[in-house]
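Here's the structure we're looking at; comments come further down.
The figures that follow rest on heavy atoms only: side chains count, while hydrogens, waters and symmetry mates do not. The residues of the chain are indexed from 1 along the displayed sequence.
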Amino acid sequence: KQIDFVLEIDKEKNILRQTHLTDYRRQENDAEHAWHMAIMIYLLKEYANEEFDVAKAMMMALIHDIVEIDAGDTYAYDTKNLETQKEREEKAANRIFGMLPNEQKIEMIELFNEFEEGKTPEAKFAKTMDNFQPILLNDSNNGEDWKVHKIKKSQVENRQKSSQLGSKDIWEYTSELIERNVKKGNLIDE
């Protein structure tokens, strides 16, 4: 069961996100996003608002998008698909994590749900990294993804504002990135 699960989650490497890599050569995949977030959690832990279990937060980062193997990636600004995201992802979590032995299945589903709820210190900081990682990539590639989708400043601010729950410092830095990208014309200032 564990090996079947390990092979199944390899499919996460095929799920392309809207966000491109820093050089804008290609889209990032879900596995790369999760890996990047996990490293960021470790490296940026000093900026968390409160003490947290770093290994647990890293594990949340690594598993949070596995469900997209079945549910697909939902673009952060796609209001139509956001309406059904929770239902699609819960169904996927049950199937994919259900491949594991029962004890690990329960552990993974609980970890996934804890991340989604965003209430514990680990989940708050992991969610902050989930928001922060793509904004860093967008900033580094001159906002190309935002420009293609005609994203507004308010959309990014609304998406990013929950980051302050995990780190006020990272939220402040994010606010500066948003303003810089408005000035560059990468985000629409309405």
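Side-chain atoms of N131 and S163 form a donor-acceptor pair, as typed in the model, at a separation below 3.5 Å. Judged by distance alone, the side chains of T19 and E28 never bring a donor and an acceptor atom under 3.5 Å apart. Under 3.5 Å, the side chains of D130 and H33 contain a donor-acceptor pair of N or O atoms. The closest side-chain donor-acceptor pair between H20 and D145 falls under 3.5 angstrom. Under 3.5 Å, the side chains of Q18 and Q27 contain no donor-acceptor pair of N or O atoms. Residues E90 and Q85 have side chains that never bring a donor and an acceptor to within less than 3.5 angstrom of each other.
The CZ atom of F115 lies 4.5 Å from the NZ atom of K127; values are rounded to the nearest 0.5 Å. In this structure, CE on M99 lies 10.0 Å from CD1 on I9, to the nearest 0.5 angstrom. The distance from atom CE of M58 to atom CE of M37, rounded to the nearest 0.5 Å, is 10.5 Å. Distance CD/E110 to CD/E117: 10.5 Å, rounded to 0.5 Å. Atom CD in E122 sits 9.5 Å away from atom CG in L111 (nearest 0.5 Å). The CZ atom of F112 sits 9.0 Å away from the NE2 atom of H64 when rounded to the nearest 0.5 Å.
Within a 6.0 Å radius of CD in E190, other residues, nucleotides and ligands contribute more than 12 heavy atoms. Atom OH of Y24 is surrounded by more than 12 heavy atoms from other residues, nucleotides or ligands within 6.0 Å. More than 12 heavy atoms of other shown residues, nucleotides or ligands fall within 6.0 angstrom of atom NZ in K147. Atom CG of L7 is surrounded by more than 12 heavy atoms from other residues, nucleotides or ligands within 6.0 Å. Around CD of E46, the count of heavy atoms belonging to other residues, nucleotides or ligands within 6.0 Å exceeds 12.
Shortest non-hydrogen contact noted between E89 and A71 is CG-CB, 3.8 Å. When every heavy atom of S140 is checked against every heavy atom of T22, the shortest pair comes out as OG-CG2, 3.1 Å. Considering every non-hydrogen atom in both N186 and W146, the closest pair reads O-CB, 3.4 Å. Across all their heavy atoms, A61 and A38 have their closest contact at CB-N, 3.9 Å. The minimum heavy-atom distance between A76 and R159, with the atom names listed, is CB-NE, 3.3 Å. Residues L187 and K153 approach most closely at CB-N, 4.3 Å, considering heavy atoms.
Judged by distance alone, the side chain of N49 and the main-chain N or O of L165 form a donor-acceptor pair under 3.5 Å. Panel note: side chain D139, backbone I135; no donor-acceptor pair is recorded below 3.5 Å. Under the 3.5 Å distance criterion, the side-chain polar atoms of Q164 are matched with a main-chain donor or acceptor of K161. In this structure, the side chain of D65 does not engage the main chain of E68 through any donor-acceptor pair within 3.5 Å.
Using a 4.5 Å cut-off between side-chain heavy atoms of Ile, Leu, Val, Met, Phe, Trp and Tyr, with links allowed through other members, F132 and I39 fall into the same hydrophobic cluster. Residues W35 and L21 do not share a hydrophobic cluster, clusters being chains of Ile/Leu/Val/Met/Phe/Trp/Tyr side chains in contact below 4.5 Å. Taken together through direct or relayed side-chain contacts under 4.5 Å among Ile, Leu, Val, Met, Phe, Trp and Tyr, L43 and Y173 form part of one hydrophobic cluster. In terms of hydrophobic clustering, with Ile, Leu, Val, Met, Phe, Trp and Tyr side chains grouped at heavy-atom distances under 4.5 Å, L100 and I106 are assigned to different clusters. Linking ILVMFWY side-chain heavy atoms closer than 4.5 Å, directly or via other members, places F52 and M129 in a single hydrophobic cluster.
Stacking of K45 on the aromatic ring of Y47 is not recorded, the 6.0 Å distance cut-off and the 45° axial limit not both being met.
With a 4.5 Å cut-off on side-chain heavy atoms, K56 and M60 count as touching. Residues R88 and K91 fail the side-chain proximity criterion, which asks for heavy atoms closer than 4.5 Å. With contacts defined as side-chain heavy-atom distances shorter than 4.5 Å, the pair N138/N181 does not qualify. The shortest distance between side-chain heavy atoms of L177 and L136 falls below 4.5 Å. A 4.5 Å side-chain heavy-atom check between T120 and F125 finds every atom pair outside the cut-off. Side-chain atoms of I188 and K150, non-hydrogen and from C-beta on, do get closer than 4.5 Å to each other. Two residues are said to be in side-chain contact when any heavy atoms from C-beta on lie closer than 4.5 Å; F97 and V67 meet this criterion. Contact annotation: the side chain of N141 never approaches that of D23 to less than 4.5 Å [non-hydrogen atoms, C-beta and beyond].
A salt bridge links E32 with R26: the distance from a Lys NZ or Arg NE/NH1/NH2 to an Asp or Glu carboxylate oxygen falls below 4.0 Å. Salt bridge status for K11 with E8: present, with a side-chain N to carboxylate O gap under 4.0 Å. With salt bridges taken as basic N to acidic carboxylate O contacts below 4.0 Å, none links E179 and K184. For the pair K152 and D189, the salt-bridge criterion is not met [side-chain N within less than 4.0 Å of a carboxylate O]. Salt bridge present: D70 and R95 bring a charged side-chain N and a carboxylate O closer than 4.0 Å. Remark: K124 engages E50 in a salt bridge, criterion side-chain N to carboxylate O under 4.0 Å.
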| query | Is there a side-chain contact (heavy atoms from CB on, under 4.5 Å) between I151 and V156 once you walk through the steps? | reply | CA-CA 8 Å; I151 301 301; V156 178; 3.6 Å; yes

| request: Walk me through it: do V6 and D10 pass the test side-chain contact (heavy atoms from CB on, under 4.5 Å)? | output: CA-CA 7 Å; V6 167; D10 185 66; over 6 Å; no

